[in-house]
Amino acid sequence: MKSKEPAPVAPATGHRAEQPHRATAWPEARAAAARAGTAAGAGREPRRLPLGQALGQVLAEPLRALTDLPSFDTSAMDGWAVAGQGPWTVRADTSVLAGHAPAAALTDGEAIRIATGAPVPPGTTAVIRTEHSRTEGPLLHALRDVVSRQDIRPRGQECRSGDELLPAGTAVTPVVLGLAAAAGYDELPVPPRPRVEVLVLGDELLTAGLPHAGLIRDALGPMLGPWLEALGAEVLGTRRIGDDAEELYAAVTGSAADVVVTTGGTAAGPVDHLHRVLDKAGATLLVDGVKVRPGHPMLLASLGGGRHLVGLPGNPLAAVSGLLTLAEPLLDALAGASPTGGRGPAPVLDEVHGHPHDTRLVPVVRRGDHLVALHYNGPAMLRGIAVADGMAVVPPGGARSGQELDVLDLPWPPTSGAVPAQGACFT
């Protein structure tokens with residue numbers, strides 16, 4: 001986990017790795033990631049999922065009705081289908097039921113019992129609700145005036161075949177599933193899941209046991225795959241690579257993923273090889289350093305062919321900052337999803353210190369209507385974010401008590417209930 005946070009160096013957008021650069025402002029870095037994802041996702045063919053598997057996805061194409069809704073004139077109520085003026089003679093021993101073939105046509109002065117959802121017989125003038133009628137022997141009498149076509153849902157009342165019901169990009173909710181089923185769909189077109197491969201870099205990382213002799217446990221390997229899956233990605237795997245430039249080059253250029261996510265190696269240390277590897281691979285740097293703390297040396301590169309690389313810093317909380325700043329908007333846009341607004345901004349309870357020039361991301365919990373900043377928010381620490389509801393976006397210079405801050409929510413339910421009360425060690 002080599003990448004510390006050097007002083008900002010020169011923001012060019014779309015430059016080769018060997019060219020001078022400067023850090024990009026935090027909002028523009030997120031916008032650049034979203035633009036890259038949108039461009040890369042534009043030509044991808046949608047996949048078609050059975051309705052039962054499409055919940056939580058977004059529509060890759062407009063949802064167009066495959067049939068008229070309703071597809072035939074249907075009764076809106078239980079009662080009587082009647083033709084002409086009353087009183088009406090009731091057809092004996094027969095009813096029109098939902099799911100059954102239509103009855104024979106009615107002639108003037110004739111009535112037949114009908115159930116809600118049943119197809120109305122040809123020649124029907126109106127449907128009279130059961131509670132608005134009475135029978136005397138074979139005759140049916142209306143207790144209220146009968147209006148032509150009352151309580152009949154005409155064919156195509158909701159839509160005609162081919163009508164656009166929902167635009168592309170609509171979130172697939174339970175109601176959307178119901179509408180799609182009613183409109184004749186068995187499957188829904190949704191964007192393909194972005195394929196992601198994680199490359200964890202560093203000779204100093206242990207995958208088991210206690211830290212010792214200058215070696216430390218890999219905290220990012222176990223975390224990144226599940227986090228990326230929670231963002232909707234298909235994680236092809238997590239590979240560990242030592243401080244070897246050739247091995248890293250082979251892994252980056254040989255990956256089948258749409259997005260390669262690396263950890264560490266983004267700065268300019270003696271074993272920080274990522275920039276040299278990207279230059280050799282002919283990559284274009286879209287973001288090279290971001291004015292944000294923690295996580296300043298993060299980067300985003302185009303590998304060509306619609307593929308991208310997100311370089312996260314090696315420190316754990318700095319890597320989380322990179323996930324939220326670059327990986328999340330890139331993957332959202334690549335998958336055709338609109339960024340979620342979360343629960344919106346909220347006032348911070350106490351003053352939050354900021355960086356003089358850069359945006360700062362700070363783990364917070366929500367206490368009622370307010371945000372409370374958590375301790376253990378250093379670049380190498382996960383203790384605060386482990387119990388956070390999200391990361392508050394603190395502008396350069398910090399935030400005063402009561403100032404509203406945007407919050408980057410985490411892709412799982414809030415864990416505030418597990419956080420010690422205000423004033424304890426976490427806050």
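By convention here, the first residue in the shown sequence is residue 1.
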CA sep, side-chain torsions, deciding dist, call: Leu165, Cys159, side-chain contact (heavy atoms from CB on, under 4.5 Å)
CA-CA 8 Å; Leu165 304 177; Cys159 64; 3.8 Å; yes
Do Val387 and Leu374 come within less than 4.5 Å of each other through their side chains, counting heavy atoms only?
yes
So, taking the atom named CG in Leu199 and the one named CZ in Arg240, what distance separates them when rounded to the nearest 0.5 Å?
11.0 Å
Applying salt bridge (Lys or Arg N to Asp or Glu O under 4.0 Å) to Arg193 and Glu229, what does each step give before you reach the verdict?
CA-CA 10 Å; Arg193 293 175 66 193; Glu229 286 181 345; 5.5 Å; no
Under the criterion side-chain hydrogen bond (donor to acceptor under 3.5 Å, both in side chains), I'd like the reasoning laid out for Arg367 against His370: C-alpha separation, chi angles, the key distance, then a yes or no.
CA-CA 5 Å; Arg367 297 287 189 208; His370 286 79; over 6 Å; no
Evaluation steps, side-chain contact (heavy atoms from CB on, under 4.5 Å), between Ile112 and Thr124
CA-CA 10 Å; Ile112 189 172; Thr124 298; over 6 Å; no
Could you tell me whether the side chain of Asn377 reaches within less than 4.5 Å of the side chain of Arg360, counting heavy atoms only?
yes
For Trp227, the ring pair (Phe, Tyr, Trp, His ring centres under 6.0 Å) test, sequence neighbours excluded, returns Trp412
Correct closest heavy-atom pair for Pro122 and Ala103 would be CD-O, 3.7 Å
Under the side-chain hydrogen bond (donor to acceptor under 3.5 Å, both in side chains) definition, can you give me all pairs with a residue in residues 160-187, not counting sequence neighbours?
Asp68-Arg160
Before giving the answer on side-chain hydrogen bond (donor to acceptor under 3.5 Å, both in side chains), spell out for Ser255 and Glu197 the whole-Å C-alpha distance, their side-chain angles and the decisive distance to 0.1 Å.
CA-CA 7 Å; Ser255 176; Glu197 185 172 22; 2.6 Å; yes
So, applying side-chain contact (heavy atoms from CB on, under 4.5 Å) with Val120, which one of Val127, Thr125, Leu106, Thr74 is it?
Val127
Please report the closest heavy-atom contact between Ala126 and Gln150, naming both atoms and the distance.
CB-CG, 3.7 Å
Would you sort out whether Val310 and Val260 count as a side-chain contact (heavy atoms from CB on, under 4.5 Å), showing the intermediate values?
CA-CA 6 Å; Val310 176; Val260 177; over 6 Å; no
How many angstroms lie between CZ in Arg129 and OG1 in Thr116, if you round to the nearest 0.5 Å?
9.5 Å
Quick one: does Asn315's side chain have a donor or acceptor within less than 3.5 Å of a partner on Leu317's backbone?
no
4.5 Å side-chain heavy-atom contact, Asp73 and Pro119:
no
Calculate, to the nearest 0.5 Å, the distance between atoms NE2 and CG belonging to His308 and Leu303 respectively.
8.0 Å
Shortest non-hydrogen pair, Val364 vs Leu371, comes out as CG2-CD2, 4.3 Å
One should read off an interatomic distance between Arg293 CZ and Trp26 CH2, to the nearest 0.5 angstrom, of 15.0 Å
Quick check for you: to the nearest 0.5 Å, what is the distance between Asp332 atom CG and Arg30 atom CZ?
8.5 Å
Val196 versus Leu236: any side-chain heavy-atom pair under 4.5 Å?
no
Is the side chain of Thr263 donor-acceptor paired with the backbone N or O of Leu201 at a distance under 3.5 Å, no angle test?
yes
Check Asp78 with Arg113, please: is the shortest side-chain N to carboxylate O separation under 4.0 Å?
no
If we only count heavy atoms from C-beta on, is the Leu382 to Met223 side-chain gap below 4.5 Å?
yes
Taking side-chain hydrogen bond (donor to acceptor under 3.5 Å, both in side chains) as the cut-off, I'd like each qualifying pair that reaches into residues 39-62, sequence neighbours left out, listed once.
Arg44-Asp258, Arg47-Gln57, Arg48-Glu61
Report yes or no: does His212 contribute a side-chain atom to a donor-acceptor pair with the main-chain N or O of Leu210 at less than 3.5 Å?
yes
Student check: side-chain heavy atoms of Ile128 and Asp151 closer than 4.5 Å:
no
Salt bridge or not for Arg144 and Glu131, using N-O below 4.0 Å?
no
Taking all atoms of both residues into account, what is the closest heavy-atom pair of Val58 and Ala171, and its distance?
CG1-CA, 4.1 Å
Under 4.5 Å between any side-chain heavy atoms of Leu177 and Leu179, yes or no?
no
Between Ser71 (side chain only) and Thr67 (backbone N and O only), is there a donor and an acceptor less than 3.5 Å apart?
no
Run Val172 and Leu59 through side-chain contact (heavy atoms from CB on, under 4.5 Å) and show every step you take.
CA-CA 7 Å; Val172 179; Leu59 295 177; 4.0 Å; yes
Ignoring hydrogens, what is the shortest heavy-atom contact between Gly354 and Val394? Give both atom names and the distance.
CA-CG1, 4.3 Å
From CG (Leu312) to OG1 (Thr266), nearest 0.5 Å
8.0 Å
Within-4.5 Å side-chain heavy-atom neighbours: Glu351 and Arg400
no
Under a plain distance cut-off of 3.5 Å, with no hydrogens placed, do His275 and Asp288 share a side-chain donor-acceptor pair?
yes
In terms of heavy-atom contacts, Ala29 and Thr24 come closest through N-CG2, 3.7 Å
